[in-house]
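Single-structure report; data block below.
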There are 2 protein chains.
Amino acid sequence: MKTLASPSFRPLYDQIKILITQSLIAGEWRPGDAIPSEIELANRFHVSQGTVRKAIDALAAENILVRRQGKGTFVASHSQERATTRFLRVSPDSASGEFPGSEFLSVTRARAPELTLRLLDLRAGASIHIIRRLLKFAGKPAILDEIHLPSSLFKGLDESVMRSHKGSFYGYLEGQFGITMIRAEERIKAVAADAVHAELLHVQQGAPLLCVDRVAYTYGDRPVEWRRGLCVTEECSYINEVT
Amino acid sequence: MKTLASPSFRPLYDQIKILITQSLIAGEWRPGDAIPSEIELANRFHVSQGTVRKAIDALAAENILVRRQGKGTFVASHSQERATTRFLRVSPDSASGEFPGSEFLSVTRARAPELTLRLLDLRAGASIHIIRRLLKFAGKPAILDEIHLPSSLFKGLDESVMRSHKGSFYGYLEGQFGITMIRAEERIKAVAADAVHAELLHVQQGAPLLCVDRVAYTYGDRPVEWRRGLCVTEECSYINEVT
DNA sequence: GAGTGGTCTAGACCACCCC
DNA sequence: GGGTGGTCTAGACCACTCT
């Protein structure tokens with residue numbers, strides 16, 4: 001089982017990785033499911049277990065799959081306790097990492113603005129859902145989010161269902177629409193609060209806020225969400241590891 | 001070559017990884033040097049090449065070693081073109097990633113304040129160097145840094161040598177003191193510029209700034225630098241990938 | 001051609017989980 | 001006990017770099 005033409009050589013484990021990713025995109029295995037064992041996959045793809053292992057290792061390193069010794073390999077899910085807070089890099093300076101309270105301010109539809117259009121790779125005139133919400137740490141307003149989701153991918157997004165959902169927002173999207181976020185790119189600036197922000201976040205107008213712009217991607221590096229978060233950082237910080 | 005006691009089992013490749021790290025700490029190989037080949041290391045440690053390979057893979061994933069096919073495995077260095085900007089997560093919104101100009105404002109010695117003491121794991125009363133500098137993008141002030149370094153580790157830190165150093169600050173520390181930064185933890189807030197910041201950064205007093213606090217670590221996860229950067233983000237952003 | 005890292009395989013055995 | 005992932009090994013061969 002080898003055809004290693006020299007120009008544009010692609011390792012087998014890389015091809016296996018792509019095949020597994022395609023099964024994930026196709027929904028062959030859903031978040032939380034176990035995928036077939038390494039031996040089964042090796043048989044299916046006609047490669048050795050070691051090659052499958054290397055492909056799975058790569059996907060596990062990207063938090064797309066989760067290995068559990070003795071049990072199997074599972075599709076990462078936002079409803080797993082471990083993952084609910086993975087994308088929330090802001091946390092209170094003191095006190096434990098309680099899950100923040102979420103208050104939805106509005107859910108509307110609109111044509112995507114130019115920025116969203118470009119970043120989510122949408123065709124001109126595309127419709128999006130716009131969700132505005134307020135996150136609170138220990139009851140105090142902390143983050144004001146504006147979230148843009150393409151209507152085509154999130155058909156029938158329902159405000160009342162969303163409100164009543166327990167757990168993280170991405171957990172809701174995963175359960176309701178079968179779309180799992182696997183990574184995001186963020187750009188952060190410091191801005192001054194305008195009158196609207198100030199009132200909602202209980203700060204003075206002109207107060208410094210973190211402005212976190214995010215594009216989130218699902219399987220196959222497909223961008224599916226844009227959001228802007230405005231964050232009061234008097235009692236919390238954006239935490240990051242640089243490697 | 002195996003002694004796999006059940007309780008507190010430690011894989012061989014993990015032990016090899018520690019041995020390699022210890023050689024790095026001991027300075028057996030310097031940044032930019034090639035380390036011995038996988039086969040040589042396998043012989044030295046009495047394990048198979050595959051086990052050495054896995055240890056090196058882990059260190060390469062942490063940017064401590066750099067593999068180059070056909071040539072060897074090298075100790076990562078801050079003077080390598082690739083790495084000079086690795087820890088600088090702020091970059092201009094438009095224009096290419098030019099290396100920012102650096103202007104040193106002052107270099108002093110002092111007793112470490114409580115915060116630095118605690119974060120760098122120093123004993124009470126320890127002396128530090130305090131370096132204040134201004135980074136500029138395209139000639140415009142962008143980041144005001146205050147850097148704390150333990151005097152004990154950076155003996156004879158020389159202002160004029162530092163000023164004349166070409167390349168990154170960490171490249172200077174590596175070349176001059178043999179201390180290589182391998183990772184850092186950052187905490188980010190939005191703050192308002194005070195009078196001093198405002199003048200140096202050419203902004204209005206009260207203007208929003210990013211405040212980036214960093215602890216940087218060298219081999220063996222030893223904290224050796226604390227710094228605070230205040231950044232004007234009108235024309236640049238802190239960029240981060242969340243995975 | 002010699003030496004390096006990179007891929008792939010096959011097999012043995014260990015650690016963990018659950019029935 | 002049987003299944004799963006995890007470790008370790010030995011060997012064959014490929015891709016890349018330099019001489």
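A note on names: the letters A, B, ... follow the listed sequences, proteins ahead of strands, and every chain is numbered from 1.
For B/Ala184, the side chain to side chain contact (heavy atoms under 4.5 Å, CB included) partners at least two apart in sequence or on another chain are A/Val242, B/Phe87, B/Arg214, B/Ala216. A/Tyr172 meets the ring pair (Phe, Tyr, Trp, His ring centres under 6.0 Å) test with A/His165, A/Phe177; sequence neighbours excluded. Among residues two or more places apart in sequence or in another chain, the side chain to side chain contact (heavy atoms under 4.5 Å, CB included) test is passed with B/Leu119 by B/Leu115, B/Val215, B/Trp226. B/Lys136 is linked by a salt bridge (charged side-chain N to carboxylate O under 4.0 Å, His left out) to B/Glu103, counting only residues two or more places apart in sequence or in another chain. For B/Phe74, the ring pair (Phe, Tyr, Trp, His ring centres under 6.0 Å) test picks out no residue, with sequence neighbours left out. Every residue meeting the side chain to side chain donor-acceptor pair (under 3.5 Å) condition with B/Glu235, not counting sequence neighbours, appears here in chain and number order: B/Lys140. Here A/Asp121 pairs with nothing under the salt bridge (charged side-chain N to carboxylate O under 4.0 Å, His left out) rule; sequence neighbours left out. In terms of the side chain to side chain donor-acceptor pair (under 3.5 Å) criterion, residue partners of B/Lys189 (sequence neighbours excluded) are, by chain and number, A/Asp93, A/Ser237. Under the side chain to side chain donor-acceptor pair (under 3.5 Å) criterion, A/Ser151 pairs with A/Ser127, not counting sequence neighbours.
A straight line from NZ of B/Lys17 to P of D/dT7 spans 12 Å, rounded to a whole angstrom. Rounded to whole Å, atom C1' of C/dG5 lies 11 Å from atom CZ of B/Phe74. The nearest whole Å value for the distance from the CD atom in B/Gln69 to the P atom in D/dC16 is 6 Å. Atom CD in B/Glu40 sits roughly 6 Å away from atom P in C/dT4 (whole-Å rounding). One can place CG of B/Leu12 at 4 Å from P of D/dC8, the figure rounded to the nearest angstrom. In this structure, B/Asn43 places its CG atom 12 Å from P of D/dT9, rounding to the nearest Å. When rounded to the nearest whole Å, the span between CD1 of B/Ile16 and P of D/dC8 equals 9 Å. Whole-Å rounding puts the B/Glu38 CD to C/dG6 P distance at 6 Å.
Within residues 51-60 of chain A, the residues having any heavy atom closer than 4.0 Å to DNA chain C are, in order of number, A/Thr51, A/Lys54. Applying a 4.0 Å cut-off to non-hydrogen atoms, none of the residues of residues 21-31 of chain B approaches DNA chain D.
A/Glu225 and A/Tyr170 are linked by a side-chain donor-acceptor pair at a separation below 3.5 angstrom, with hydrogens and angles left out of the test.
Note on B/Thr73: a side-chain N or O is less than 4.0 Å away from OP1 or OP2 of C/dG5. Between B/Tyr13 and D/dC8 there is no side-chain polar atom (N or O) within less than 4.0 angstrom of OP1 or OP2. Residue A/Arg67 places at least one side-chain N or O under 4.0 Å from the OP1 or OP2 atom of D/dG6.
Rounded to 10 degrees, the angle separating the terminal axes of the helix from C/dG1-D/dC18 to C/dC18-D/dG1 is 10°, with each axis obtained from five end pairs.
Because its NZ or CZ atom is both nearer than 6.0 Å to the ring centre of A/Phe169 and within 45° of the ring axis, A/Arg133 counts as a cation-pi partner of that residue.
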